[in-house]
J.: 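Shown below is the structure under consideration.
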Amino acid sequence: MSQYNPQKIEKKWQNYWQKRGIFRAKDFLKKPKFYCLDMFPYLSGAGLHVGHPRSYTATDIISRYMRQKGFNVLHPTGWDAFGLPAENYAIKTGIQPEITTRRNIKRFKEQMKSIGLSYDWSREINTTDPDYYKWTQWIFLLLYKRGLAYEAILPINWCPSCKTGLANEEVVGGKCERCGTEVTKKNLRQWVLKITAYADRLLKDLEGLDWPEKIITMQKNWIGKSEGADIDFKVENSNKRIKIFTTRPDTLFGATFLVLSPEHPLVEEITTKEHKNEIKKYREKARKKSDLERTDLIKEKTGIFTGSYTINPVNNKKIPIFIADYVLMAYGYGAIMAVPAHDQRDFEFAKKYNLPIKEVISPDFPRKEFPVLDKAYEGEGFLVDSGKFIGMKSEKAKEEITKWLAQQDSAKKAVNFKLRDWIFSRQRYWGEPIPLIHCSKCGVVPLSEKDLPLKLPKVKKYQPTGTGESPLAGIKNWVNTKCPKCGGPAKRETNTMPQWAGSCWYFLRFADPKNKKALLDSKKGKYWLPVDLYVGGAEHAVLHLLYSRFWIKVLYDAKVINFKEPFLKLRNQGIILAPDGQKMSKSRGNVINPDEIIKNYGADTLRLYEMFIGPFEDVINWDTKGIEGCSRFLKRFWNFIILNSKNRVKQDSNTNLKLLNKLIKKITEDIENFKLNTAVSSFMEFLNKMEDQKDKLSKDFLETFLILLSPFAPHICAELLVKLNKKQSIFNEPWPKYDSSLLKDEIITLIVQVNGKVRDELEVMVDVSIEEAKKLTLAREKVKRWVEGKEVKKVIFIPGKLINIVI
Ligand code: ANZ
Ligand code: ZN
């Protein structure tokens with residue numbers, strides 16, 4: 001009998017697919033399209049680790065499945081190739097980043113091909129290719145022309161010993177990653193993108209996306225919309241006013257002092273003589289702290305009295321003005337009214353400096369007693385001790401107090417966002433040059449489109465310049481140029497774009513990767529876009545996804561594309577840890593290399609195990625025994641098909657047909673629901689059962705089994721299909737349909753309840769397990785509505801009848 005030999009068959013099939021262009025996506029086919037995308041890899045010298053194939057295999061299974069379901073599938077990939085590692089490597093070795101990049105691409109690509117991923121390699125892109133970054137620059141110019149890019153003087157991380165600017169990831173615990181010196185700030189001219197202009201739309205359009213709830217919440221928190229009021233406080237004996245933002249105008253009667261951020265522009269002016277020294281010292285100390293440190297809730301609150309007072313507009317009481325570092329200049333107006341009874345930070349501050357704590361919000365009304373507070377009551381409630389607003393509910397009082405003060409012109413309703421504009425320039429070499437020119441006569445002049453791409457010049461030295469500027473600033477014949485407007489001498493912008501730029505829009509280019517005349521052809525864009533399924537790491541929950549959503553909205557406004565959201569459905573894979581439960585890393589010596597697994601067991605085993613390892617989104621330890629198990633399964637599967645192909649029958653037994661139809665239903669649903677781990681265990685159970693029975697099997701039966709397994713383990717299935725009946729391409733085989741009449745007594749309807757109330761019904765297999773039933777139930781839209789965000793306390797399951805989710 002022929003033996004399963006993955007090393008022999010896998011290369012053969014990979015070449016076969018490649019040569020025939022089996023996975024090429026064809027534009028404009030009549031079939032429905034499906035765009036299935038991985039977050040393209042960020043290149044590194046280390047190659048792939050076993051974390052990469054987890055998501056790549058999942059999207060590959062789904063792409064293969066969708067093709068067999070009759071969809072025109074676009075499944076491309078490429079390289080996110082600008083960035084620090086290649087530049088730092090160049091500084092160390094003098095080897096051009098371009099060369100390292102080429103080398104890394106070659107290695108990544110070989111590895112990906114050896115896994116049998118069904119990418120359309122004819123659409124491969126590389127963010128460092130001038131034909132690609134031409135369009136990244138083009139989008140920057142579009143942003144600039146639409147008033148969404150502006151210059152500002154802003155601080156960067158600065159290492160005084162290396163004399164270089166540092167990226168955030170090069171600052172470790174406040175110190176320079178290279179030399180350990182304390183990092184300071186240095187003010188530099190920067191380019192900033194006005195993402196805040198899109199804050200409201202970035203928030204609103206989250207609705208309707210099929211994304212993990214967690215990611216939606218993180219995006220919402222990052223955008224951070226707060227509604228409240230701006231309130232003006234008059235400085236005593238002065239005509240100055242201090243504006244503050246509060247989300248709680250209902251607590252105004254309890255404001256017993258006012259706090260300015262140490263950087264607030266009025267500090268100098270209102271500080272009285274006898275407090276000048278202390279204030280100065282405090283401001284210097286604050287300057288050295290990071291925002292994170294300053295807002296740490298656990299840290300003791302500190303501050304200094306300015307010597308000045310202000311008037312609380314609701315009761316004309318005189319209250320002191322302090323500065324304190326827990327108030328940040330970058331949020332609201334860098335000033336707050338402090339309400340110690342109802343804000344914990346203010347409470348701690350008041351305790352420390354013996355300031356009055358006046359309770360004005362009560363959870364019950366009338367207030368039974370006024371206990372001494374041992375912490376702030378931050379909830380809402382009824383107003384007490386608040387003049388004519390006593391007894392009013394917080395919600396109404398917010399409106400009424402704001403209205404009342406508005407009549408005296410000292411308040412107005414206001415909205416604030418946490419979202420800040422995006423600092424877009426880097427003082428680095430290995431990034432896209434920003435296509436702008438500085439002319440002493442005309443100011444900033446954009447390059448014209450016909451002069452794009454503005455190519456990165458070759459440099460001899462990648463070392464930082466020591467002035468904080470990018471190495472490009474040292475290339476005189478590149479920097480010095482002519483002004484496109486007046487023809488006079490001018491200088492190029494020497495900042496480059498950040499790593500995020502190329503990944504903000506790469507998925508558009510896959511629809512039309514070779515277009516020389518436009519970013520993409522609008523008809524092709526209309527056909528392929530947006531992305532139907534996007535899969536990648538949850539570490540991109542905020543920045544990458546937010547930045548690309550922003551660019552897409554700008555491109556939509558400019559009518560380059562016709563959709564507002566790039567990724568309709570998003571899923572995140574969990575991280576794979578080393579067998580010891582630690583993160584895999586070179587220094588720990590616990591990295592598992594996929595090449596080794598493929599060499600020893602074959603790609604199909606790797607693929608199967610990557611799915612079998614556990615629920616897709618869970619963080620999970622690699623387990624070498626699991627690999628063995630998957631490898632054994634494939635060997636048995638091989639032998640089973642070979643053996644049974646020899647003595648076939650025309651008609652299968654009823655029991656076997658039932659089992660097969662059950663399997664079709666299960667695998668189909670598992671793929672649709674991203675439950676690829678339980679799909680693999682269903683294959684294993686099925687094989688166990690089939691090995692245990694004596695009936696002969698039909699050719700159709702064996703073929704169906706092969707087709708079902710083929711998205712998971714494509715090489716072995718392709719080979720066996722040939723052995724079975726000489727048919728060549730398993731990928732043209734339509735996805736099997738199950739015969740529900742055969743499953744009649746197998747499928748039952750479960751009543752679905754939430755807290756004892758009927759909310760839905762669910763069709764399941766009669767032998768469904770409680771875990772399975774729970775999962776299916778929680779995935780139902782009608783159930784999600786009631787359960788989302790709440791903790792499931794208990795699941796009551798009466799087999800054959802009912803499932804009740806108790807929250
Ligand atoms: C008075 C007050 C009373 C507040 C109360 C809260 C509770 P979010 O929801 O995050 O927008 N705040 C305003 N500007 C600030 C700044 N630059 N630095 C630090 N804190 C600042 O928070 C808004 C609240 O954060 C504002 O409402 C203000 O404190 C504070 F019982 O005003 B509040
Ligand atoms: Zn000019």
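Whatever order the structure lists ligands and atoms in, that order sets their numbers, starting from 1.
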J.: Which protein heavy atom lies closest to atom 2 (C) of ligand 1, and at what distance to 0.1 Å?
T.: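 Residue, atom and distance for the closest contact: Thr246 OG1, 3.7 Å.
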J.: Quick one: does ligand 1 sit under 4.0 Å from the side chain of Val339, the backbone, both or neither, non-hydrogen atoms only?
T.: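 Side chain only.
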J.: To the nearest 0.1 Å, how far is atom 6 (C) of ligand 1 from its closest protein heavy atom, and which atom is that?
T.: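 Heavy-atom neighbour on the protein nearest atom 6 (C) of ligand 1: Asp343 OD2, 3.4 Å.
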J.: State plainly whether the residues Asp346 and Lys301 are in salt-bridge range, i.e. N to O under 4.0 Å.
T.: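 Salt bridge flag = no for Lys301 with Asp346.
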J.: Identify which of Ile231, Val259, Asn416, Ile336 has a heavy atom lying nearest to atom 15 (C) of ligand 1.
T.: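 Closest candidate by heavy-atom distance is Ile336.
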J.: Please work out which of Asp250, Leu252, Thr247 has its closest non-hydrogen atom nearest to atom 23 (C) of ligand 1.
T.: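 Of the listed residues, Thr247 has the closest heavy atom.
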J.: How far is atom 28 (C) of ligand 1 from its nearest protein heavy atom, and which residue and atom name does that atom have?
T.: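 Ranking protein heavy atoms by distance from atom 28 (C) of ligand 1, first comes Phe245 O, 3.8 Å.
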J.: Looking only at protein heavy atoms, which one is nearest to atom 9 (O) of ligand 1, and what is the separation?
T.: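 Looking only at protein heavy atoms, the one closest to atom 9 (O) of ligand 1 is Ser226 OG, 3.4 Å.
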J.: Below 4.0 angstrom, N of the basic side chain to O of the carboxylate: do Lys396 and Glu399 qualify?
T.: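 Salt bridge: no.
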J.: Quick one: do Tyr353 and Phe257 satisfy ring-ring contact (aromatic ring centres under 6.0 Å, His included)? Show the steps, please.
T.: CA-CA 11 Å; Tyr353 296 104; Phe257 54 100; 8.8 Å; no
J.: Of all the non-hydrogen atoms in the protein, which one sits nearest to atom 19 (C) of ligand 1, and at what distance?
T.: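 For this ligand atom, the closest protein heavy atom is Tyr326 O, 3.6 Å.
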J.: Could you tell me whether Arg549 and Glu565 make a salt bridge, using a distance below 4.0 angstrom between a side-chain N and a carboxylate O?
T.: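 The answer is yes: the pair qualifies as a salt bridge.
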J.: Do Lys398 and Glu380 sit within salt-bridge range, that is, some charged N less than 4.0 Å from a carboxylate O?
T.: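 Looking at Lys398 and Glu380, the cut-off is met.
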J.: Considering non-hydrogen atoms of the protein only, which is the closest contact for atom 20 (N) of ligand 1, and what is the distance?
T.: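 Result for atom 20 (N) of ligand 1: Arg345 NH1, 3.6 Å.
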J.: Please work out which of Glu227, His342, Glu378 has its closest non-hydrogen atom nearest to atom 31 (F) of ligand 1.
T.: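 Comparing heavy atoms across Glu227, His342, Glu378, the nearest one to atom 31 (F) of ligand 1 lies in His342.
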J.: Would you mind listing which atoms of ligand 1 come within a distance below 4.0 Å of any non-hydrogen atom of Gly334?
T.: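 So the atoms of ligand 1 that pass are 17 (N).
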J.: Using 4.0 Å as the upper bound for N to carboxylate O, is an ion pair formed by Arg201 and Asp557?
T.: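 The answer is yes: the pair qualifies as a salt bridge.
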J.: I need the atoms of ligand 1 closer than 4.0 Å to a non-hydrogen atom of Met337, numbered in the order shown.
T.: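 Ligand 1 atoms under the 4.0 Å threshold to Met337: 1 (C), 32 (O).
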J.: Centre of Tyr198's six-membered ring, under 6.0 Å away, within 45 degrees of the axis: is that where NZ or CZ of Lys553 sits?
T.: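 Judged by the rule, Lys553 and Tyr198 form no cation-pi pair.
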J.: What is the nearest protein non-hydrogen atom to atom 17 (N) of ligand 1, stated with its residue, atom name and distance?
T.: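 Checking every protein heavy atom, the shortest distance to atom 17 (N) of ligand 1 gives Leu328 O, 2.6 Å.
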J.: Do the side chains of Glu781 and Lys784 get close enough for a salt bridge, i.e. N-O under 4.0 angstrom?
T.: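 Here Glu781 pairs with Lys784 in a salt bridge, since their nearest N and O are under 4.0 Å apart.
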J.: Taking the inter-plane angle between the rings of Trp191 and Phe140 on a 0 to 90° scale, is it parallel (under 30°), tilted (30 to 60°) or perpendicular (over 60°)?
T.: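 The arrangement is perpendicular - the two ring planes meet at more than 60°.
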J.: Check this for me - ligand 1, Lys418, N or O atoms closer than 3.5 angstrom, yes or no?
T.: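 Looking only at distances, the answer is yes, because the N/O contact criterion of under 3.5 Å is met.
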J.: As an exercise, identify every atom of ligand 1 less than 4.0 angstrom from a heavy atom of Val327.
T.: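 Going through ligand 1 atom by atom, the ones under 4.0 Å from Val327 are 16 (C), 17 (N), 18 (N), 19 (C).
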J.: Starting from atom 3 (C) of ligand 1, find the nearest protein heavy-atom neighbour and note its residue, name and distance.
T.: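 Looking at atom 3 (C) of ligand 1, the protein heavy atom closest to it is Thr251 OG1, 3.4 Å.
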J.: Would you call Asp385 and Arg367 a salt bridge, taking side-chain N to carboxylate O under 4.0 Å as the test?
T.: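 Result for this pair is no, no salt bridge flagged.
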